[in-house]
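Single-structure report; data block below.
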Amino acid sequence: MHDLKALRADPAAFDAALARRGVAGASAGVLQADNDLRGVQTALQADLARRNEASKAIGAAKAARDDAAAASLMAEVATLKERIPAQEAAGRAAECALQDLLSALPNLPADDVPDGADEHGNVEIKRWGNPQSGGLEHDALAARLGWNAESATKIAGARFMVLEGPLARLHRALGQHMLNMQVAAGYRETVVPLLVRADALFGTGQLPKFAEDLFRTSDDRWLIPTAEVSLTNLVREQILDGESLPLRLTALTPCFRSEAGAAGKDTRGLVRQHQFEKVELVSIVTPDTAAQEHERMTACAEAVLESLDLPYRRMLLCAGDMGFAARKTYDLEVWLPGAGTWREISSCSDCGDFQARRMDARFRVKGEKGTQFVHTLNGSGLAVGRAMVAVLENYQNPDGSVTIPIPLLPYMGGTTRLELTL
RNA sequence: GGAGUCGUGGGUGAGUGGCUGAAACCAGCAGUUUGCUAAACUGCCGUACUGGGUAACCGGUACCGAGGGUUCGAAUCCCUCCGACUCCGCCA
C-alpha cells in the first residue's frame, strides 16, 4: 500500500516511478478519488456539526421545560436527517473507490533498479561455479529414478508429483539441509499455517489482484503460495520494539499455486507444479538496514547453492519484471547442464514498507516519539523441487545414475547414488 | 457437532442513552528533584478529514470488531456478519 501523503506531495514522481513498471498515470485517479472523498466528508461534517449542536440544545430546552423550542429544534434535525444518510453512503463509496485504486497499485521500484519491461531487461550481476554441458534433462533422469508420473496424474491430475524410494529421500534431504543451513545463518525456525485468511494475503500483496493464482478452500481460506505470507504476517497489527529488530524467520513448507496462465509452459518436468516445497526466508527490519539485509539474505540463499556446488548467476530484476510488492529483487538462477539453461531457483525481494502498511506492522524506537512502519524482505532459500532438478542434472553419471552431493549424505541413510530402477 | 461468554486507545481495563475521545493504572515522551543509577513529582501522550494561524497551537467532524436499525441524541438499546475465548462431544 502506498503512502497517500507522499503521493499528494509529489504525484509526478509517483507516476514516473510506476511508469517504470508499466503502470501509466496512476496518480490522477487516486487524487480524484481522494478529492471526492474529502469533499463528501467536509459537506457531511457541516451537517453533523449542526445536528449535534441542535441535539444538545434539545436536551437543554427539555430540561428548561421549553417544549416549543425543543419541538422547533427537533424539526430542524429532522430535515438534516433527510440528507445525512445519502452523504454517509457517498462517503463510504468514495472511501471504497480510493482503497480499490490504491490497493491494486504495485510497489514503486527502488532507484537502483534498472529499466525494462520484462525478463530481457534483467541484469546479471554475479556468476559462480563452473557450468558443464551435456547429459540428460532432469525429467528423463527422474523417470528412471523414482518419479511416478502416472500415479500423480491419477491421484491429483497434472502438475503434481509422486516420488518414491531414494529419490523421495533426496527430496527430503534437500529440504532438511537447506533449513538447517538457514537456521545456522540466524533465521528462527518456524512452523506456520498453510491455510490463511484473505487478510493475510492482502497484507503481503497477493490479494486483491492475484486471486486467480491461488487455491481457495470451501470455508473461505486460501492455501499459501509461499510461506512468505504466513511468516511476514506474523508481525501484522503489531508495534514492535525497535530493539527486537531485525527479526529473521524461516520455514520449510509446501506451497500451492494454481499456475493460471501458465498453460502449456514447463508441463513436462518437475519445474512447475501446483504443489512444491520451499524454504522461505523473511526479515523484518528497520528502514535504514533494509538494503544491507537484502544483500545478506541473498547471500544466505547463494550459500545453499554453493554448498551443493551448483553453478548459478544472480540477476537484478528490472522494474517491469518484479513482483507486485517488491521494490528491488534479486533472482538466483541455477545452471541446468542437461537442459542447457539457467533456471530460477530463488527470488529475494526488498518490499520496503509496502507490505507493512497493508498489514499495519510498525515499530517504536526507545527515546523517539511515535511509530514507523517496518520494512519487510523475503526470499527463497531455496525451492526444494527445483533444487532437486538441479542436483539431478549436475550430478548425473553417464549411465543415468546420480551421485548424492556430499553435504546431503548425512540425510540419506547410507545411500550414495540414485540407481536406475529399470 | 452441541452449549455459552466476549470484542473499548500501545497494553490492562472502567464506562449501560446526552456532562465520554472515552476514568484509572501500566508503558512512552518532556521536565523538576538527585553526585550517578533508581525512585518521587509535574505536564504531555490515538488516527483520519477539516476551519483558522508563519508556527507552537486553537476549533469542528468521524472512529469504542464491521455493517445496518431504533432515537432529537448511541461505546451504551436492537439486528446481521466477522473474530476470539470457555465447557462438552469427537478426532491425528
Side-chain angles (χ1 to χ4, degrees), chain A residues 1-9 30-103 191 193-203 207-208 216-222 233-245 254 284 286 353 356-374:
Chain A
M1 193 68 78
H2 293 285
D3 181 4
L4 238 192
K5 283 181 185 164
L7 194 163
R8 270 191 218 125
V30 173
L31 288 175
Q32 180 64 53
D34 180 42
N35 228 21
D36 291 349
L37 172 61
R38 290 198 277 172
V40 171
Q41 279 179 335
T42 303
L44 173 63
Q45 284 173 9
D47 282 351
L48 288 173
R50 179 54 199 154
R51 183 200 63 184
N52 290 348
E53 192 181 23
S55 289
K56 274 186 186 169
I58 290 168
K62 287 196 166 175
R65 302 194 165 278
D66 185 347
D67 290 342
S72 110
L73 284 163
M74 282 166 74
E76 184 188 350
V77 171
T79 66
L80 285 173
K81 283 179 68 177
E82 282 173 23
R83 58 188 204 225
I84 285 175
Q87 289 176 306
E88 285 176 336
R92 271 193 304 279
E95 175 89 49
C96 279
L98 179 60
Q99 285 307 311
D100 286 352
L101 282 173
L102 222 44
S103 62
V191 173
L194 271 33
L195 259 47
V196 298
R197 293 203 174 100
D199 284 349
L201 288 155
F202 180 87
L207 289 179
R216 187 177 192 174
T217 67
S218 57
D219 71 342
D220 215 17
R221 279 174 239 273
W222 305 71
N233 275 281
L234 243 25
V235 298
R236 72 177 290 117
E237 291 161 44
Q238 282 193 62
I239 298 178
L240 302 166
D241 180 352
E243 311 248 323
S244 70
L245 303 178
I284 312 293
T286 56
D353 65 4
R357 286 179 186 279
R358 295 168 81 98
M359 294 189 300
D360 190 22
R362 294 170 285 168
F363 72 99
R364 196 198 311 276
V365 174
K366 213 176 172 63
E368 287 178 22
K369 281 199 168 185
T371 60
Q372 299 177 62
F373 288 108
V374 297

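Below, chain A is the first sequence line, B the second, and so on; all start at residue 1.
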What's the [atom1]-[atom2] distance between [X] and [N], to the nearest Å?
X        : N     : atom1 : atom2 : answer
A:Arg364 : B:G46 : CZ    : C1'   : 11 Å
A:Gln372 : B:G46 : CD    : C1'   : 17 Å
A:Glu95  : B:A62 : CD    : P     : 16 Å
A:Asp199 : B:G83 : CG    : P     : 9 Å
A:Leu44  : B:A62 : CG    : C1'   : 8 Å
A:Asn35  : B:A48 : CG    : P     : 18 Å
A:Leu102 : B:A48 : CG    : C1'   : 14 Å
A:Met74  : B:C72 : CE    : C1'   : 5 Å

Separation of the [atom1] atoms in [N] and [M], to the nearest angstrom:
N     : M     : atom1 : value
B:C85 : B:U37 : C1'   : 43 Å
B:G9  : B:A22 : P     : 15 Å
B:C81 : B:C6  : C1'   : 16 Å
B:A24 : B:G15 : P     : 15 Å
B:A39 : B:A30 : P     : 16 Å
B:C49 : B:C88 : P     : 50 Å
B:U42 : B:A84 : C1'   : 40 Å
B:G18 : B:A74 : C1'   : 10 Å

Working to the nearest 0.5 angstrom, can you tell me the gap between [X] [atom1] and [Y] [atom2]?
X        : Y        : atom1 : atom2 : result
A:Thr371 : A:Gln238 : OG1   : CD    : 13.0 Å
A:Ile284 : A:Leu234 : CD1   : CG    : 8.0 Å
A:Asp47  : A:Thr42  : CG    : OG1   : 11.5 Å
A:Leu194 : A:Arg221 : CG    : CZ    : 13.0 Å
A:Glu237 : A:Arg362 : CD    : CZ    : 10.0 Å
A:Asp34  : A:Leu4   : CG    : CG    : 5.0 Å

[X] side chain, from C-beta outward: closest of [options]:
X        : options             : result
A:Leu48  : B:C49, B:A62, B:G73 : B:A62
A:Arg38  : B:A62, B:U61, B:C49 : B:C49
A:Arg197 : B:G83, B:C49, B:G73 : B:G83
A:Lys81  : B:U71, B:U61, B:G10 : B:U71

Carefully, step by step, assess A:Asp3 and A:Phe373 under the rule side chain to side chain contact (heavy atoms under 4.5 Å, CB included).
CA-CA 11 Å; A:Asp3 181 4; A:Phe373 288 108; over 6 Å; no

Kindly give the heavy-atom pair with the smallest separation between [X] and [Y], and that separation in Å.
X        : Y        : answer
A:Arg8   : A:Arg38  : NE-NH2, 3.2 Å
A:Arg51  : A:Val77  : CG-CG1, 4.0 Å
A:Ser103 : A:Met1   : CB-CE, 3.8 Å
A:Ala356 : A:Val374 : CB-O, 3.1 Å

Side-chain donor/acceptor of A:Arg358 to backbone N/O of A:Phe202, under 3.5 Å:
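Yes, the answer is positive, given that a donor and an acceptor are paired below the 3.5 Å cut-off.
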
Mark yes or no for whether A:Asn233, through its side chain, and A:Ala200, through its backbone, hold a donor-acceptor pair below 3.5 Å.
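Indeed, once roles are kept as given, a pair shorter than 3.5 Å links the two residues.
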
Using heavy atoms to find the nearest nucleotide of RNA chain B for A:Ala78 and A:Leu37 separately, return the residue whose nucleotide is more 5′.
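Here A:Leu37 is the residue nearer the 5' end.
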
Please compare A:Arg362 and A:Ala46 by the position of their nearest nucleotide in RNA chain B and report the one closer to 5'.
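Nearest nucleotide further toward 5': that of A:Arg362.
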
Extract from the structure each pairing of a protein N or O with an N or O of nucleotides 15-20 of chain B at less than 3.5 Å, listing the distance.
| unit_1 | atom_1 | unit_2 | atom_2 | d |
| --- | --- | --- | --- | --- |
| B:G18 | N2 | A:Ser55 | O | 3.1 |

Any strand counts, and the cut-off is 3.5 Å on both contacts for Watson-Crick or G-U wobble. Which nucleotide pairs with [N]?
N     : result
B:G21 : none
B:A74 : none
B:C44 : B:G28
B:U5  : B:A84
B:C49 : B:G60
B:A14 : none
B:G89 : none
B:U54 : none

Using a cut-off of strictly less than 4.0 Å, decide whether A:Arg51 has a side-chain nitrogen or oxygen near OP1 or OP2 of B:A62.
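For B:A62, OP1 or OP2 has a side-chain N or O of A:Arg51 closer than 4.0 Å.
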
Is any side-chain N or O of A:Asn52 closer than 4.0 Å to OP1 or OP2 of B:U61?
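So the side chain of A:Asn52 is within the cut-off, an N or O lying under 4.0 Å from OP1 or OP2 of B:U61.
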
For A:Asp47, answer base if it contacts any base atom (sugar-phosphate contacts may also be present), sugar-phosphate if it contacts only those atoms, and nothing otherwise; contact means non-hydrogen atoms under 4.0 Å.
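Here A:Asp47 touches no strand at all.
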
Less than 4.0 Å between a side-chain N and a carboxylate O, is that true for A:Arg197 and A:Asp199?
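A:Arg197 and A:Asp199: not salt-bridged.
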
Of residues 1-9 of chain A, the positions that come close to RNA chain B - non-hydrogen atoms, cut-off under 4.0 Å:
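A:Lys5, A:Arg8 - these, ordered by number, are the residues of the stretch whose heavy atoms sit under 4.0 Å from the strand.
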
Going through the checks in order, is the side chain to side chain contact (heavy atoms under 4.5 Å, CB included) test met by A:Leu98 and A:Val30?
CA-CA 6 Å; A:Leu98 179 60; A:Val30 173; 3.9 Å; yes

Heteroatom pairs (N/O) under 3.5 angstrom, protein to nucleotides 66-70 of chain B:
| unit_1 | atom_1 | unit_2 | atom_2 | d |
| --- | --- | --- | --- | --- |
| B:G68 | OP1 | A:Arg92 | NE | 3.1 |
| B:G68 | OP1 | A:Arg92 | NH1 | 3.1 |
| B:G68 | OP1 | A:Arg92 | NH2 | 2.5 |

